[in-house]
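What follows is a single structure, written as structure tokens, with notes after it.
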2 protein chains.
Amino acid sequence: MISLTEENYLKALIYLSSLAPGIEEKKDVGTSELASYLKLKSSTVNEMLKRLKEKNLINHEKYKKITLTHSGERNGLKIIRKHRLWETFLFTKLDFDWIEIHEVAEQLEHIKSEKLVEKIDRLLGYPNFDPHGDPIPDKHGKIPQRITKSLSAVNKGEKCIVLAVSDTSKDFLNYLEDLDISIKTEIFVIDKIAFDQSIKIKIRQEQFSLSRKVADNLLVGDKFN
Amino acid sequence: MISLTEENYLKALIYLSSLAPGIEEKKDVGTSELASYLKLKSSTVNEMLKRLKEKNLINHEKYKKITLTHSGERNGLKIIRKHRLWETFLFTKLDFDWIEIHEVAEQLEHIKSEKLVEKIDRLLGYPNFDPHGDPIPDKHGKIPQRITKSLSAVNKGEKCIVLAVSDTSKDFLNYLEDLDISIKTEIFVIDKIAFDQSIKIKIRQEQFSLSRKVADNLLVGDKFN
DNA sequence: TATAATAGTTAGTATTGCCTAACAAAGTAA
DNA sequence: TTACTTTGTTAGGCAATACTAACTATTATA
Ligand SMILES: [Mn+2]
Ligand SMILES: [Mn+2]
Ligand SMILES: [Mn+2]
Ligand SMILES: [Mn+2]
């Protein structure tokens with residue numbers, strides 16, 4: 001049995017080694033890095049590493065980097081799958097805000113019931129991405145291809161649909177909420193300003209302009225699926 | 001903050017003091033009684049009682065009985081409300097079996113989010129009873145009147161609808177599953193046998209007979225609401 | 001390469017929640 | 001009322017998870 005705390009360590013290890021923004025290929029993780037991400041002291045993490053190794057969830061030699069074993073990876077992906085399915089459920093079935101879902105999913109991801117996960121998955125129509133556009137691993141741990149095209153890459157005169165965000169900070173999500181931009185929002189690119197790389201767009205007949213930073217963090221595609 | 005464990009103690013105290021079968025008016029609870037219900041040692045319970053008292057959730061004097069404070073009762077009822085709402089959700093929205101829902105709800109009842117509870121409540125149409133027929137406390141802690149009429153009290157020639165069960169043991173629920181009897185099942189009483197107090201019934205054109213014990217544990221009404 | 005900075009480990013402590021063993025109080029019955 | 005039984009409490013321990021302080025290994029830098 002993997003405890004709630006252990007599950008969070010596994011999830012963090014997957015995040016830091018392969019999911020965190022800017023990571024191309026798998027990267028090994030250190031004790032302090034993990035500690036700082038989990039907002040714990042490295043001594044605490046060090047102790048947990050021993051337990052996780054004992055349980056065959058990680059590989060770790062004294063003073064060396066941490067890697068997940070197959071079992072650790074599988075189990076971690078299960079939690080990520082649950083987290084993202086619950087976020088999707090909260091967003092699409094219960095009308096939670098984009099901003100609120102993460103915190104509740106952080107709790108729901110630890111509910112132990114294979115059947116529940118599968119039923120929620122089915123209820124949602126086996127979605128590939130969560131409301132932030134993050135890919136939902138399937139029950140075998142396979143992860144759909146992440147969306148990589150940002151709004152900055154869309155040409156003048158073209159339209160696209162918001163599929164994901166690459167920044168999920170409250171600040172950013174709140175700003176998007178203000179702009180009334182969400183998943184599935186259709187954006188038409190009116191103009192691209194060379195001077196400051198901002199872009200002029202139209203959403204639902206309304207025109208306004210977005211900074212380069214915002215455009216970079218909006219991931220888009222041709223259609224929603 | 002009330003821990004998961006503390007929440008389970010509060011729920012158990014409410015159950016033993018007022019909800020357990022056969023309890024007419026509120027009854028005080030003892031340490032060993034609570035321990036045996038929770039399958040813990042009384043020394044363990046004794047320690048927790050100190051913590052609960054410290055947190056103003058129970059009243060307890062050395063060697064005396066335990067009673068819940070107002071706060072303890074309110075918090076306990078909140079957990080019971082969540083438990084029963086989740087059971088209803090699992091049963092009606094996800095097609096879980098009557099038998100499976102309790103175990104999963106035992107986990108879900110501890111999810112901390114007022115908003116989630118209210119959204120689930122709304123999604124379900126503010127139900128008054130869970131799938132076992134147990135009353136769901138409203139958000140203020142008010143408990144709907146429990147159903148008390150059993151199938152044994154239905155007269156020959158009358159029909160009724162199953163609203164609840166007074167025994168929620170796996171044995172009983174499994175047996176009902178076999179008989180294809182569930183919440184909302186319509187039962188017509190063909191005859192009542194004086195000899196062994198069994199009753200002859202008709203369900204969906206099929207006739208069979210039920211023992212007095214089964215009939216006693218099926219709670220019925222005229223209509224579902 | 002020597003030294004300073006960073007990263008990782010160990011030792012010792014706390015809290016929660018659980019246990020066993022020993023004991024004390026309360027309740028029951030001879 | 002005394003003795004037995006049941007109930008409740010204390011003391012002492014243990015595992016999981018976290019902390020601080022002190023120490024060691026590795027890495028970076030002068
Ligand atoms: Mn999230
Ligand atoms: Mn979590
Ligand atoms: Mn239940
Ligand atoms: Mn519970």
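Proteins get letters first, then strands, A, B, ... in listed order; numbering begins at 1 in each. Both backbone and side-chain heavy atoms feed into the values below; hydrogens, waters and symmetry mates do not.
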Quick one, Leu163(B) with Val220(B), criterion side-chain contact (heavy atoms from CB on, under 4.5 Å). Give me CA distance, side-chain angles, the key distance, then yes/no.
CA-CA 5 Å; Leu163(B) 299 179; Val220(B) 299; 5.6 Å; no
May I have the distance from [X] (atom [atom1]) to [N] (atom [atom2]), rounded to whole angstrom?
X: Glu54(B); N: dT16(C); atom1: CD; atom2: P; answer: 11 Å
X: Lys41(B); N: dC19(C); atom1: NZ; atom2: P; answer: 7 Å
X: Glu6(A); N: dA15(D); atom1: CD; atom2: P; answer: 15 Å
X: Lys53(B); N: dT9(D); atom1: NZ; atom2: P; answer: 10 Å
X: Met48(A); N: dT10(C); atom1: CE; atom2: C1'; answer: 18 Å
X: Leu4(B); N: dT15(C); atom1: CG; atom2: P; answer: 21 Å
X: Lys64(B); N: dG8(D); atom1: NZ; atom2: C1'; answer: 12 Å
X: Asn46(B); N: dC19(C); atom1: CG; atom2: P; answer: 13 Å

Ring pair (Phe, Tyr, Trp, His ring centres under 6.0 Å) for Phe91(A) and Phe129(A)? Distances and angles first, verdict last.
CA-CA 12 Å; Phe91(A) 189 76; Phe129(A) 299 95; over 10 Å; no
[X] side-chain N/O to [N] phosphate OP1/OP2 under 4.0 Å:
X: Tyr9(B); N: dT16(C); result: no
X: Lys62(A); N: dT24(D); result: no
X: Arg51(A); N: dT17(D); result: yes

Proximity to the side chain of Lys65(B) - top-ranked nucleotide from dT9(D), dT17(D), dG8(D):
dG8(D)
Tell me which nucleotide among dT9(C), dT17(D), dG17(C) gets nearest to the side chain of Thr5(A).
dT17(D)
Is the ring pair Tyr37(B)/Tyr15(B) parallel, tilted or perpendicular, if the boundaries are 30 and 60 degrees?
parallel
Over all strands shown, is Ser43(B) touching base, sugar-phosphate only, or nothing at heavy-atom distances under 4.0 angstrom?
base
How is Thr31(B) classified with respect to the nucleic acid when contacts are heavy atoms under 4.0 Å: base, sugar-phosphate, or nothing?
sugar-phosphate
Hey, which of these two, Glu47(A) or Glu61(A), hits DNA chain C nearer its 5' end, going by closest nucleotide?
Glu61(A)
Contacts of Glu33(B) and Tyr63(A) projected onto DNA chain D by closest heavy atom; the upstream (5') one is Glu33(B)
Do the side chain of Ser42(B) and the base of dT9(D) come within less than 3.5 angstrom through a donor-acceptor pair of N or O atoms?
no
Quick one: the side chain of Ser32(A) and the base of dT6(C), do they pair up donor-acceptor inside 3.5 Å?
no
Is there a donor-acceptor contact under 3.5 Å from the side chain of Glu109(A) to the main chain of Trp86(A)?
no
Could you walk me through whether His102(A) and His83(A) pass the ring pair (Phe, Tyr, Trp, His ring centres under 6.0 Å) test, one step at a time?
CA-CA 8 Å; His102(A) 178 78; His83(A) 181 99; 4.7 Å; yes
